[in-house]
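Note: hydrogens, waters and symmetry copies are ignored here, and every other heavy atom, side chains too, is used. Atoms within each ligand, like the ligands themselves, are counted from 1 in listed order.
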Amino acid sequence: MPISRIDLADAGSPEALVKRILQAEPNLSAPVPIQELCSRLDILRIEDFETDEFEGGLVTDAKRSEGTILAKRGGEPRRRFTIAHELGHFLMAHHVPDQPGRFLCKSSDLLRVTAKEGDQRQRREVEANRFATLMLMPPHRLRGAMAAFRDPDLQHVLVLARDFAVGKEVAARAYVQYRPERIAIVVAGNGRVQRCYRSLSFPAIICAVGSPVPTGSLYHSSPHRPNIASDIAACRPDLWIDVKRDLRAPDLYEQVYVQQNGFAMILLRLEAVPEESAEERRLNEGWRHRFHSGRR
Ligand SMILES: [Zn+2]
């Protein structure tokens with residue numbers, strides 16, 4: 001691996017950094033050897049972090065001459081994401097830690113995808129997560145892997161998680177961004193909505209974070225076999241999205257994946273409402289007019 005920090009000069013954003021790294025290492029294989037990359041980029045040690053409060057940490061100086069990454073022990077995908085996140089803090093010179101020389105990141109920081117305006121701490125966590133995601137799932141590799149997939153399916157998310165050695169939620173987040181369809185993946189924990197990742201064209205989910213998965217959802221019907229993505233089935237669209245009463249409801253499909261530990265993913269796919277033909281529109285309008293005016 002020939003890369004060194006000199007290759008990254010002037011790159012400040014997550015996107016610019018990952019671009020430079022991939023230019024210097026065009027043949028980086030998947031799963032990306034994140035620990036080896038760290039050691040080439042002046043991270044001298046990666047140590048176990050013995051704490052319940054934090055998921056990861058980085059010990060370094062203001063000049064970033066070298067660093068030590070701390071990562072909680074646990075599943076390999078989770079640990080790899082933590083290491084990549086801390087490497088992001090290390091490489092982004094404008095990231096200033098709360099305490100001099102020491103970044104400490106909680107598990108909620110490692111899930112953060114948006115920041116409140118003006119909140120520098122949240123912004124830096126979002127940037128570190130963006131760096132980690134791009135680094136562990138390099139866009140050209142991800143596009144290559146996804147070219148083989150047909151219709152949206154949670155099975156693909158499991159394949160990506162396995163092949164890139166990332167968590168299922170990290171894979172799900174990337175998956176909805178790279179698919180052209182209107183899809184969303186709702187992450188649930190013990191029957192409650194925890195987080196939702198949507199493609200740009202998917203409307204907002206009406207279920208608040210912390211609320212139970214809607215009763216009519218496929219999630220509740222028939223016991224699902226753990227660790228196997230269910231069949232795909234149509235559902236009532238108003239379970240998940242706002243449906244205007246006087247418009248034709250779009251078709252919404254669900255697919256469910258559950259684990260024994262209570263973690264679940266629900267894939268939602270919205271089908272475009274077919275354009276009304278001129279004839280249909282004339283008939284519908286005529287009907288609506290008669291209905292409203294009370295004539296028969
Ligand atoms: Zn962090």
Side-chain angles (χ1 to χ4, degrees), residues 5 8 11-21 31-138 161 164-174 177 187 189 194-195 197 209:
R5 295 233 337 260
L8 310 181
S13 70
E15 289 74 17
L17 278 166
V18 172
K19 195 172 162 193
R20 293 279 176 84
I21 292 171
V32 169
I34 190 68
Q35 302 215 13
E36 197 185 338
L37 197 60
C38 282
S39 65
R40 295 293 313 182
L41 298 174
D42 301 332
I43 297 294
L44 301 189
R45 284 173 299 275
I46 296 173
E47 295 176 353
D48 288 340
F49 204 3
E50 308 288 349
T51 160
D52 283 334
E53 198 182 346
F54 301 103
E55 195 70 29
L58 167 71
V59 181
T60 186
D61 51 83
K63 283 194 208 147
R64 301 283 209 279
S65 44
E66 57 185 50
T68 295
I69 285 177
L70 309 167
K72 205 162 130 175
R73 272 202 285 194
E76 196 53 23
R78 190 165 176 158
R79 192 174 155 88
R80 282 166 54 78
F81 191 85
T82 305
I83 292 170
H85 172 104
E86 300 303 334
L87 177 64
H89 284 318
F90 181 69
L91 296 178
M92 285 183 267
H94 64 282
H95 283 201
V96 180
D98 297 331
Q99 302 172 26
R102 182 174 280 253
F103 288 85
L104 293 168
C105 307
K106 296 186 174 182
S107 55
S108 56
D109 294 325
L110 279 95
L111 284 167
R112 186 167 286 288
V113 287
T114 54
K116 258 188 262 162
E117 205 176 319
D119 190 323
Q120 292 304 318
R121 187 180 189 283
Q122 289 190 357
R123 203 182 125 189
R124 117 193 153 204
E125 296 309 322
V126 170
E127 286 188 341
N129 289 334
R130 249 182 23 235
F131 173 83
T133 305
L134 289 166
M135 199 62 256
L136 295 175
M137 306 184 94
F164 288 88
V166 296
K168 296 179 187 78
E169 192 163 339
V170 173
R173 217 155 58 202
Q177 276 174 12
V187 173
Q194 303 284 331
R195 289 169 290 279
Y197 305 107
V209 168

Please lay out, stage by stage, how R78 and E55 fare under the test side chain to side chain contact (heavy atoms under 4.5 Å, CB included).
CA-CA 9 Å; R78 190 165 176 158; E55 195 70 29; 2.8 Å; yes
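- The number of heavy-atom neighbours closer than 6.0 Å to NZ of K19, taken from other residues, nucleotides and ligands shown, is 12 or below.
- In this structure, H95 and F103 have tilted ring planes: the angle between them lies in the 30° to 60° band.
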Please report the C-alpha distance between E127 and R123 in whole Å, then the side-chain angles of each, then the deciding distance to 0.1 Å, and finally whether the salt bridge (Lys or Arg N to Asp or Glu O under 4.0 Å) criterion is met.
CA-CA 6 Å; E127 286 188 341; R123 203 182 125 189; 3.6 Å; yes
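- The aromatic rings of F81 and H85 sit tilted, their planes meeting at an angle between 30° and 60°.
- Listed by chain and number, the protein atoms of type N/O/S under 2.8 Å from the Zn ion (ligand 1) are H85 NE2, H89 NE2, C105 SG, E125 OE1; waters are omitted.
- For D48 and R79, the salt-bridge test passes: some basic side-chain N is under 4.0 Å from an acidic carboxylate O.
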